[in-house]
Colleague: 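The structure is given below, and queries will be raised subsequently.
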Amino acid sequence: MRNLDMDLLRSLVALADHGTLKGAAERVGRTQAALSLQMRKLESQAGEALFRKDSRKLVLTEGGDVLLSYARRILALNDDAVQALTRSRVSGDVKFGSSQDFGESWMPTVLAQFRKAHPEVGVEIRVDGGTKLVNAVDAGEIDLALALGLGERANAICIGHLPLVWIAHRDFGWNKREPLPLALFTSPCRFRTKAIAELDAAGVRWNIGLTSPSLYGVWAAVNAGLGVTVRTPEGLLPELEVVDRKFGLPNLGSVDVSLYLAKGARSPAVMNLVELLRERLAQRIVELDARTPNGVIARRPGRFGVVVGRKRAPAIAA
DNA sequence: TCATTCATGACGAACGTCCC
DNA sequence: GGGACGTTCGTCATGAATGA
């Protein structure tokens, strides 16, 4: 009886989900060439062709579809088993703070996964601005915070980078003879400062259409077509789009995504959550990369994506 | 023509096995 | 135990095919 390699099945699922070797390779932390070799090995193990070429992409054959269905179940069972083995060993409480950018998007799913894996761990959640959360970490009010664009600090673990992009409603039109209306956070805000500086440097006239102290207010204004805002693509509503290229707006570069740990907060419960966040964010960045209109993330030069080593994504040092 | 994607060859690192 | 060797699997560089 032949055995199917679990790593190869994981790559198969990534390839089926992503549609291209290149994208799938980034997701699993390998090169495109390595993934190509893996899929050939999997075909050898399966004893039949799993893919056929459709122009420049690879699509599953009938056999590939059958194996994919089994692969998802095998991997789910594997992950359940791993979770079951670690479940009983971790207990305690975690006070966790998340930036508003993540609070409503993928964070609920991640926390549900953590809860399922560690039902004995009590989790207290706080959603707020990044600066406030990091201050709370420093004051020992919370154990851990996930925040954007606050740079390197002694207690920070940088787990990736996201591009800063211009975002507007799909129907939003801008007459370039008029100032660009902006919907931004109330000052002080790093993204706001950066956006205004870049517009000024590029000679683009602008005015403040709306300011809000909360992300919900900013999204609501942009969704209503009141102006353009500056965020990462995380939490992008379906009606909104990245308009860097559409309006020829200046490149805003990228922001770091970091976890901030309170002094003495490295309990097993906290470090398990750190590891889960690191892993899920890596996947999330790749998803955002694939979904961002116009390929803004993939095409723009600079530091994006997950922080990985030359060969494999390393574990974050505890 | 250029950008994107996949395939392939060359090479190197890690690991297992064998033999002394 | 440790060195030699073979195997496996990774990266990098490059070419071919394809689409805009």
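Only this structure's heavy atoms are used, side chains among them; waters, hydrogens and symmetry mates stay out. To find a chain, count down the sequence lines: A is the first, B the second, and so on, and within it residues start at 1.
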Colleague: Identify the two heavy atoms, one from A:L146 and one from A:M107, that lie closest to each other, and give their separation to 0.1 Å.
Modeller: CD2-CE, 3.6 Å
Colleague: Between the protein and nucleotides 7-11 of chain B, which nitrogen or oxygen pairs come in under 3.5 angstrom?
Modeller:
unit_1	atom_1	unit_2	atom_2	d
B:dA7	OP2	A:S36	OG	3.2
B:dA7	N7	A:Q32	NE2	2.9
B:dA7	N6	A:Q32	OE1	3.3

Colleague: Roughly how many Å is it from CG in A:L35 to C1' in C:dT11, rounded to a whole number?
Modeller: 14 Å
Colleague: For the pair A:E141 and A:R126, find out whether any cationic side-chain nitrogen is under 4.0 Å from an anionic carboxylate oxygen.
Modeller: yes
Colleague: Please give, in whole Å, the distance from C:dG10 C1' to A:M39 CE?
Modeller: 14 Å
Colleague: Flag the pair A:E239 and A:R170 as a salt bridge only when some basic side-chain nitrogen lies within less than 4.0 angstrom of an acidic carboxylate oxygen.
Modeller: no
Colleague: Indicate every side-chain donor-acceptor pair of residues 207-216 of chain A with a distance under 3.5 Å to a residue at least two apart or in another chain.
Modeller:
unit_1	atom_1	unit_2	atom_2	d
A:S212	OG	A:S214	N	3.1
A:S212	OG	A:S214	O	2.9
A:S214	OG	A:G217	N	3.1

Colleague: Can you list everything that forms a salt bridge (Lys or Arg N to Asp or Glu O under 4.0 Å) with A:D101? Sequence neighbours excluded, please.
Modeller: A:R231
Colleague: Without decimals, in angstroms, what is the distance between A:F51 CZ and B:dT5 P?
Modeller: 16 Å
